[in-house]
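Reckoned from all heavy atoms, side chains included, excluding hydrogens, waters and symmetry mates.
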Amino acid sequence: MINVEQFLRSRLDRGAKTKRMLLGLALMGLTLVSLSGFSEAASAQSLISMRGTDRIQVVGRAGPTQAWVSFCQHQPRECHIDLSQPTRIALTPDIWAALTQVNERVNSSILAVTDQDHWGVLDRWDYPDDGLGDCEDIQLMKRKLLVQAGLPHRALRMTAVIDDKGQGHAVLMVLTDQGDFILDNKRDAVLPWRQTGYTFIKREGTSGKAWVAFGDQAAPTVTANR
């Protein structure tokens with residue numbers, strides 16, 4: 001039998017550890033982009049291979065999921081569009097370093113669980129503040145840290161796809177002057193959208209609360225999951 005007292009104590013210990021981890025991630029996010037020449041040589045070398053990607057084509061408007069609508073009611077700042085911000089980020093080596101490191105560190109810090117196992121509901125969007133979350137929760141944490149690091153929220157868009165197993169999945173799309181890149185909890189590499197192997201359904205718009213549709217555009221290259 002499970003010792004209830006030991007179980008609760010382990011949960012409390014993990015909760016304290018998670019809070020310390022999230023604080024460390026937040027501090028890391030606040031300083032990543034501001035560091036002069038941060039990992040510049042390695043980042044530039046990695047970035048060279050990513051040049052020449054393209055932008056995914058928007059074909060119309062789309063409606064968000066009810067879980068997203070509920071999330072926006074509780075976190076209105078997360079869903080607000082600041083039209084003074086740029087819609088695309090200049091993809092410098094320092095920005096690339098920020099994207100790749102936040103993606104990798106959050107992936108290694110949050111335990112992926114379904115909403116059903118976590119909250120007892122089919123679909124819920126929220127920050128993984130307790131160290132647990134599914135795909136959309138993990139991407140929301142990445143966006144939060146990147147915004148704290150100084151990247152424009154408007155260029156970091158939550159995106160719905162069909163993954164290589166035919167299942168619904170959420171990723172974070174980064175709109176840059178070099179094309180559209182994907183942060184994903186299934187892999188540590190930040191990839192151009194065409195290299196993910198996913199079918200792209202819709203994402204947040206950049207001009208208002210309405211989402212935009214992609215017309216089920218498929219990425220032709222399948223990349224193995226982490």
Side-chain angles (χ1 to χ4, degrees), residues 7 10-35 38-47 49-50 71 78 89 91 93-119 124-151 153 156-161 163-165 167-174 176 180-193 195-198 222-226:
F7 175 76
S10 68
R11 290 286 294 181
L12 289 172
D13 290 343
R14 185 171 68 177
K17 182 178 180 181
T18 297
K19 288 181 180 179
R20 291 194 298 271
M21 176 272 296
L22 292 176
L23 177 60
L25 281 171
L27 292 174
M28 174 203 71
L30 287 170
T31 58
L32 269 175
V33 179
S34 62
L35 291 176
F38 182 81
S39 301
E40 185 169 353
S43 299
Q45 183 63 40
S46 300
L47 189 55
S49 63
M50 294 302 177
F71 174 70
E78 186 69 37
I89 299 170
L91 193 57
D94 281 347
I95 294 296
W96 182 254
L99 295 176
T100 55
Q101 291 205 14
V102 166
N103 192 57
E104 181 177 353
R105 294 190 186 189
V106 174
N107 284 351
S108 65
S109 301
I110 305 300
L111 179 63
V113 298
T114 66
D115 286 332
Q116 190 66 53
D117 290 338
H118 193 189
W119 304 110
R124 171 175 168 174
W125 292 46
D126 208 341
Y127 301 120
D129 291 333
D130 59 356
L132 306 174
D134 67 355
C135 53
E136 65 265 10
D137 307 329
I138 295 172
Q139 315 320 328
L140 285 170
M141 174 58 73
K142 293 173 187 176
R143 176 158 76 177
K144 184 176 183 179
L145 295 177
L146 290 169
V147 169
Q148 289 174 346
L151 276 67
H153 180 277
L156 306 170
R157 303 286 80 192
M158 293 294 294
T159 302
V161 303
D163 68 13
D164 49 352
K165 296 181 180 179
Q167 299 178 339
H169 183 49
V171 297
L172 183 63
M173 181 177 290
V174 183
T176 84
D180 299 330
F181 292 82
I182 302 300
L183 275 65
D184 190 357
N185 63 296
K186 292 190 175 187
R187 55 173 67 91
D188 287 340
V190 176
L191 297 177
W193 73 273
Q195 294 184 20
T196 60
Y198 295 157
V222 176
T223 303
N225 290 338
R226 184 176 65 88

- For E136, which residues count as a side-chain hydrogen bond (donor to acceptor under 3.5 Å, both in side chains) partner, sequence neighbours excluded? none

- Task: Look at E78 together with R143 and state whether they make a salt bridge at an N to O cut-off of under 4.0 Å.
- Result: yes

- Which residue pairs pass the ring pair (Phe, Tyr, Trp, His ring centres under 6.0 Å) test when at least one of the two sits in residues 126-147, sequence neighbours left out? F71-Y127

- Query: Between the side chains of D117 and T114, is a donor N or O closer than 3.5 angstrom to an acceptor N or O?
  - Reply: yes

Any heavy-atom pair between the side chains of [Y] and [X] that's under 4.5 Å?
X: R157; Y: D180; answer: no
X: L91; Y: L99; answer: yes
X: I89; Y: L151; answer: yes

- List the steps, then state whether side-chain contact (heavy atoms from CB on, under 4.5 Å) holds for N107 with R187. CA-CA 8 Å; N107 284 351; R187 55 173 67 91; over 6 Å; no

If I take atom [atom1] from residue [X] and atom [atom2] from residue [Y], how far apart are they, to the nearest 0.5 angstrom?
X: C135; Y: M158; atom1: SG; atom2: CE; answer: 7.5 Å
X: L172; Y: L183; atom1: CG; atom2: CG; answer: 5.5 Å
X: D137; Y: K142; atom1: CG; atom2: NZ; answer: 11.5 Å

- Task: Only counting residues at least two apart or in another chain, list the ones meeting salt bridge (Lys or Arg N to Asp or Glu O under 4.0 Å) with R124.
- Result: D126

- Item | Steps toward side-chain contact (heavy atoms from CB on, under 4.5 Å) verdict (L146, H153) | CA-CA 8 Å; L146 290 169; H153 180 277; over 6 Å; no

- With a 6.0 Å cut-off on ring centres, are W193 and Y198 close enough? no

